[in-house]
Amino acid sequence: MSSLRAIVTGASRGLGEAIARDLAAKGVRVVLAGRSVDDLHRVRKEIESAGGRALVQPTDVTDADSVARLFDAAVAEFDGVDVLVNNAGITAQVNLVDLDEADWDRIFDTNVRGMFLCSREAGRRFAESGKGRAINVASVFGLVGRPGFSAYCASKGAVINFTRSVAAEWARFGAQMNAVAPGYFATDINADLRQDGVAMAKVLRRIPAYRMGRPEELANIVTYLAIAAPDFLTWQTIAVDGGESSV
Ligand SMILES: NC(=O)c1ccc[n+]([C@@H]2O[C@H](COP(=O)([O-])OP(=O)(O)OC[C@H]3O[C@@H](n4cnc5c(N)ncnc54)[C@H](OP(=O)(O)O)[C@@H]3O)[C@@H](O)[C@H]2O)c1
């Protein structure tokens with residue numbers, strides 16, 4: 001079992017919840033970050049009843065002070081941070097001609113600024129300790145273009161190239177940054193899509209595996225990158241997408 005300490009952003013539901021639970025099941029002590037405090041406590045209780053350890057820290061990743069408090073809380077409770085999972089993210093489906101500045105900013109504030117703020121806090125600590133790992137949850141939409149998703153695709157492309165740049169900085173002091181690019185996983189982020197039979201059929205036709213992923217299939221890869229991958233593996237983006245981005 002591991003004695004590592006991890007922060008998972010967006011741990012209140014969906015992929016972040018699955019990642020937090022999987023890390024905790026492998027013995028990692030987990031700080032659950034997000035804005036929905038009741039949901040974070042639900043996840044904490046489930047982790048604890050399975051024998052794991054978790055701390056809830058209400059956090060808005062777009063707010064630098066809130067992110068600083070997140071890292072302070074992790075250090076106060078667990079005496080350090082070894083792993084950061086930048087998972088918090090939002091999307092919107094709007095064609096560019098109708099996309100307003102507020103939607104663009106909201107997506108970039110969460111998906112890019114949030115990742116930057118959390119990674120900066122983590123990197124300062126990793127530089128001191130000479131080790132540490134960050135895993136960024138990008139998207140297949142950061143590897144390909146999709147009509148109606150220009151802001152989201154641009155933000156996830158930024159996640160991937162941020163990963164590449166920071167990995168090169170951190171390799172000098174022994175820390176790693178990698179990313180995962182999920183395809184479609186059934187979570188709240190695509191609840192509307194899953195209600196629309198025609199749109200769903202179109203999505204499934206694009207996925208060679210002809211199904212959505214199960215959150216634990218992504219969590220498994222994130223946990224591998226967090227605790228088992230060799231230190232020499234860095235800057236990679238691993239698509240977990242049933243083959244969607246291969247065709
Ligand atoms: N599901 C998919 O098919 C899919 C595919 C590709 C990529 N992704 C990516 O995977 C990640 C997780 O998505 P999901 O599908 O699990 O979506 P979700 O079910 O909608 O969950 C999103 C999570 O992000 C958190 N979050 C949003 N804004 C935040 C903020 N300002 N501060 C802190 N936390 C915030 C939410 O927590 P609170 O609301 O509690 O703050 C929630 O826990 C995202 O980065 C998403 O882009 C998902």
Side-chain angles (χ1 to χ4, degrees), residues 7-22 30-44 56-71 84-93 103 105-118 121 134-144 146 149 151-160 162-163 179-194 199-200 203-204 206-207 209 211-219 221-222 237-242 244-245:
I7 288 175
V8 180
T9 69
S12 52
R13 58 180 180 273
L15 298 179
E17 173 181 350
I19 292 164
R21 288 161 71 131
D22 196 64
V30 192
V31 183
L32 308 168
R35 298 162 304 174
S36 312
V37 178
D38 290 349
D39 285 325
L40 292 171
H41 280 291
R42 173 185 57 76
V43 177
R44 174 186 60 76
V56 165
Q57 179 62 29
T59 306
D60 180 345
V61 296
T62 68
D63 175 348
D65 291 339
S66 180
V67 169
R69 286 194 295 277
L70 166 64
F71 280 77
L84 166 67
V85 182
N86 280 311
N87 164 78
I90 57 171
T91 190
Q93 183 172 6
D103 275 341
D105 289 345
R106 215 166 42 85
I107 289 172
F108 266 75
D109 280 355
T110 310
N111 300 3
V112 184
R113 177 185 162 86
M115 174 189 60
F116 148 63
L117 292 173
C118 292
E121 289 288 342
I135 298 101
N136 300 326
V137 180
S139 170
V140 160
F141 283 24
L143 299 167
V144 302
R146 282 282 183 266
F149 289 94
Y152 183 73
C153 288
S155 76
K156 293 300 187 177
V159 170
I160 290 169
F162 178 85
T163 304
V180 289
Y184 283 94
F185 287 77
T187 68
D188 287 358
I189 213 169
N190 47 42
D192 291 345
L193 166 74
R194 285 180 289 113
M200 257 312 275
V203 162
L204 288 175
R206 282 204 304 263
I207 307 172
R211 68 169 175 90
M212 285 193 165
R214 294 184 291 276
E216 60 273 20
E217 293 177 298
L218 185 77
I221 298 296
V222 173
T237 295
I238 301 178
V240 187
D241 65 353
E244 183 187 351
S245 60

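Remember, it's 1-based here, ligands and their atoms both numbered in the order they're listed. Note: hydrogens, waters and symmetry copies are ignored here, and every other heavy atom, side chains too, is used. Residue numbers count from 1 along this sequence.
- Counting the atoms of ligand 1 from 1 in the order shown, those under 4.0 Å from a heavy atom of Gly89 are 22 (C), 24 (O), 44 (C), 45 (O).
- Set against the non-hydrogen atoms of Thr59, the atoms of ligand 1 under 4.0 Å away are 32 (N), 33 (C).
- The single protein non-hydrogen atom nearest to atom 16 (O) of ligand 1 is Leu15 N, 2.8 Å, given as residue, atom name and distance.
- Residue, atom and distance of the protein heavy atom nearest to atom 21 (O) of ligand 1 are Arg13 NE, 3.8 Å.
- Counting only heavy atoms of the protein, atom 35 (C) of ligand 1 lies nearest to Ala88 CB, 3.6 Å.
- Considering backbone and side-chain N/O atoms, Thr110 never comes within less than 3.5 Å of an N/O atom of ligand 1.
- Separating the CD1 atom in Ile7 from the CG atom in Leu70 is a distance of 4.0 Å, to the nearest 0.5 Å.
- Close approach of ligand 1 to Gly14 (heavy-atom distance below 4.0 Å) involves ligand atoms 16 (O), 19 (O).
- With rounding to the nearest 0.5 Å, the separation of CZ in Arg113 from CZ in Phe108 is 13.5 Å.
- Of the options Arg206, Glu244, Arg211, a side-chain hydrogen bond (donor to acceptor under 3.5 Å, both in side chains) to Tyr184 is made by Arg206 and by none of the others.
- Looking at Tyr152 against ligand 1, only its side chain comes within 4.0 Å, counting heavy atoms.
- Nearest protein heavy-atom contact of atom 15 (O) of ligand 1 is Thr187 OG1, 2.5 Å.
- Close contacts of ligand 1 with Ser36, meaning ligand atoms under 4.0 Å from a residue heavy atom, involve 38 (P), 39 (O), 40 (O).
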Ser12 and Val43: side-chain contact (heavy atoms from CB on, under 4.5 Å), yes or no, with the steps? CA-CA 7 Å; Ser12 52; Val43 177; 5.7 Å; no

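- Every N/O-N/O distance between Ala33 and ligand 1 stays at or above 3.5 Å.
- Counting the atoms of ligand 1 from 1 in the order shown, those under 4.0 Å from a heavy atom of Val137 are 9 (C), 10 (O), 11 (C), 45 (O).
- Looking only at distances, a side-chain donor or acceptor of Asn87 sits under 3.5 Å from a matching main-chain atom of Gly10.
- For atom 3 (O) of ligand 1, the closest non-hydrogen atom of the protein is Phe185 N, 2.8 Å.
- Under the 3.5 Å distance criterion, the side-chain polar atoms of Asn190 are matched with a main-chain donor or acceptor of Phe185.
- Contact annotation for Lys156 and ligand 1: only side-chain heavy atoms (C-beta onward) come within less than 4.0 Å of the ligand.
- The distance from the OG1 atom of Thr9 to the CD atom of Gln57 is 13.0 Å, given to the nearest 0.5 Å.
- Nearest protein heavy-atom contact of atom 17 (O) of ligand 1 is Ile189 CB, 3.5 Å.
- Of the listed options Ala186, Ser139, Gly183, Gly183 places a heavy atom closest to atom 4 (C) of ligand 1.
- Where the criterion is an N or O separation shorter than 3.5 Å, residue side chain and backbone included, Val61 meets it with respect to ligand 1.
- For atom 44 (C) of ligand 1, the closest heavy atom belonging to the protein is Asn87 O, 3.2 Å.
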Begin with the C-alpha distance, continue with both residues' side-chain angles, and end with the deciding distance and a verdict on side-chain contact (heavy atoms from CB on, under 4.5 Å) for Ile90 and Arg106. CA-CA 8 Å; Ile90 57 171; Arg106 215 166 42 85; 3.6 Å; yes

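- When non-hydrogen atoms are compared, ligand 1 lies under 4.0 Å from the backbone of Ala138 (N, CA, C, O) but not from its side chain.
- At a 3.5 angstrom cut-off on N or O pairs, Gly16 does not count as close to ligand 1.
- Only side-chain heavy atoms of Asn190 come within less than 4.0 Å of ligand 1; its backbone N, CA, C and O stay farther off.
- Side-chain contact of Ser155 with Asn111: a donor-acceptor pair under 3.5 Å is present, judged by distance alone.
- Scanning the protein for heavy atoms near atom 30 (C) of ligand 1, the closest one is Arg35 NE, 3.5 Å.
- Note: Phe71 CZ to Leu84 CG = 5.0 Å, rounded to the nearest 0.5 Å.
- For a threshold of 3.5 Å applied to N or O pairs, the pair formed by Tyr184 and ligand 1 contains no separation below that value.
- When only interatomic distances are considered, the shortest N/O to N/O separation between Val140 and ligand 1 does not fall below 3.5 Å.
- Checking side-chain atoms of Thr59 against main-chain N and O of Val61 turns up no donor-acceptor pair under 3.5 Å.
- With respect to the salt-bridge test (charged N to carboxylate O, under 4.0 angstrom), the residues Glu216 and Arg21 do not qualify.
- For ligand 1, one of its N or O atoms has an N or O atom of Asp60 under 3.5 Å away.
- We find the NZ-OG1 distance between Lys156 and Thr91 to be 8.5 Å, quoted to the nearest 0.5 Å.
- One distance of note links OG1 of Thr187 with CZ of Arg13; it measures 8.5 Å at 0.5 Å rounding.
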